[in-house]
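To start, the structure under review is shown below, and the notes come after it.
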Amino acid sequence: MKNERVKVIVEDLVDVIRGVMLKHSVTNKEFRFAIDYLNETASNQFELELMLQNFFEITTAEAENALHEGSASNIAGPFYLEGAPEIPNGGSIKVLDDDEHERIVIRGHIKDVKGQPIEGVKLDIWHSTSKGTYSGVHPGVPEGYYRAKLTTDADGYYEVKTSKPVPYQIPGDGNTGRLLAAMGRHCWRPAHIHFKARGEGLLEHITQAYFEGEDYVDSDCCDAVIDELVLKTEQINGESVITKDFVLDPA
Ligand code: MBD
Ligand code: FE
């Protein structure tokens with residue numbers, strides 16, 4: 001069954017790729033190598049997903065940001081899990097007992113595009129451990145840690161305590177990491193926190209926060225850092241506080 005959007009997008013994609021192949025006189029041997037590389041990539045868990053996310057997911061966020069008024073969307077990455085524990089607003093995300101990394105407070109207001117606070121937004125927050133792994137995905141970190149769901153109050157406010165994430169290294173020996181290395185690039189993402197905000201009548205909003213001045217903010221292997229999402233850490237009453245506000249578009 002013909003689908004017009006598939007037709008126009010795939011036609012454009014094929015045109016662009018054929019143009020690149022011609023420009024660089026890609027040989028049949030190289031073409032064969034690419035097929036084998038992609039086949040091998042797809043046979044490894046996460047690896048094809050990781051490769052596509054690494055090079056292309058930011059473009060979906062850019063496209064969304066160009067169309068919408070709200071705060072900047074960003075990539076989701078491979079490690080979102082639906083079943084994060086619900087915690088009270090102001091509560092703590094569960095971290096491992098041996099995680100001695102700095103504790104931080106993440107807080108902010110969620111408003112609509114008219115500036116009205118939105119109560120009852122479900123906010124998912126997830127980030128890596130102090131060792132750069134994700135719970136429920138990598139060994140040694142049970143599901144339910146380093147992830148939480150909370151709900152904004154009547155002022156559209158949310159607040160949560162957690163440990164500060166560290167830069168995340170995508171597997172260097174996987175096909176994505178090897179491709180980056182062949183391009184002369186490293187395979188690090190700057191430390192980041194993931195968010196997914198959902199509420200009735202609202203466009204689902206996926207984004208991240210980065211820390212100003214930290215490693216790899218200027219050289220993310222995923223090219224996903226957007227200036228608006230690079231946040232200052234403030235010292236307030238002896239706590240490190242990051243304020244991430246949201247403006248959500250209507251669905
Ligand atoms: C991550 O943690 C991530 O956020 C992305 C986009 C890719 C790989 C790992
Ligand atoms: Fe991540």
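Whatever order the structure lists them in is the order used to number ligands and atoms, beginning at 1. Predicted model only: the values in this text are computed from it and were never measured.
For Lys29 and Phe31, the positive end is not near the middle of the six-membered ring at less than 6.0 Å and at most 45° from its axis. Both the sub-6.0 Å distance and the 45° axial angle are not jointly satisfied by Lys94 relative to the ring of Tyr146.
Using a 4.0 Å cutoff on heavy atoms, His194 counts as a contact of ligand 1. Residue Arg189 places a heavy atom less than 4.0 Å from ligand 1.
Contact atoms of ligand 1 toward Ile170: 8 (C) (distance under 4.0 Å to a heavy atom of the residue). The Gly77 neighbourhood of ligand 1 comprises atoms 5 (C), 6 (C), with distances under 4.0 Å to a heavy atom of that residue. The Leu50 neighbourhood of ligand 1 comprises atoms 7 (C), 8 (C), with distances under 4.0 Å to a heavy atom of that residue.
Taking CD of Glu204 as the reference point, atom OG of Ser73 lies at 9.5 Å (rounded to 0.5 Å). In this structure, Asn89 CG and Thr151 OG1 are separated by 7.5 Å, a value rounded to the nearest 0.5 Å. In this structure, Arg32 CZ and Glu30 CD are separated by 14.0 Å, a value rounded to the nearest 0.5 Å.
In the hydrophobic clustering of ILVMFWY residues, with side-chain heavy atoms under 4.5 Å counting as a link, Ile193 and Val160 come out together. Residue Tyr145 is not grouped with residue Phe79 when hydrophobic side chains (ILVMFWY) are merged at heavy-atom distances under 4.5 angstrom, including chains of intermediate members.
With a heavy-atom cut-off of 4.0 Å, Asn54 does not touch ligand 1 at all. If you look at Gln53 next to ligand 1, there are no close heavy atoms at all, none under 4.0 Å. In His192, the part holding a heavy atom less than 4.0 Å from any atom of ligand 1 is the side chain.
Paired with Phe55 under the rule side chain to side chain contact (heavy atoms under 4.5 Å, CB included), one option of Leu180, Asp223, Leu50 passes, and it is Leu180. In summary, of the residues considered (Lys122, Lys149, Arg147), a salt bridge (charged side-chain N to carboxylate O under 4.0 Å, His left out) with Glu82 occurs for Lys149 alone.
Here the angle at the Fe ion (ligand 2) defined by NE2 in His194 and NE2 in His192 stands at 100°, rounded to 10 degrees.
Of the protein's non-hydrogen atoms, Pro78 CD, 3.5 Å is the one closest to atom 7 (C) of ligand 1. Counting protein heavy atoms only, atom 2 (O) of ligand 1 is closest to Tyr134 OH, 3.0 Å. When hydrogens are left out, the protein atom nearest atom 6 (C) of ligand 1 is Ile75 CD1, 3.2 Å; that is the closest non-hydrogen contact.
Checking Tyr134 against the Fe ion (ligand 2), an N/O/S atom falls under the 2.8 Å cut-off. Residue side and main chain included, His127 places no N/O/S atom under 2.8 Å of the Fe ion (ligand 2).
Between Tyr168 and ligand 1, no pair of N/O atoms sits closer than 3.5 Å.
Residue-environment remark: NZ (Lys244) exceeds the threshold of 12 foreign heavy atoms within 6.0 Å.
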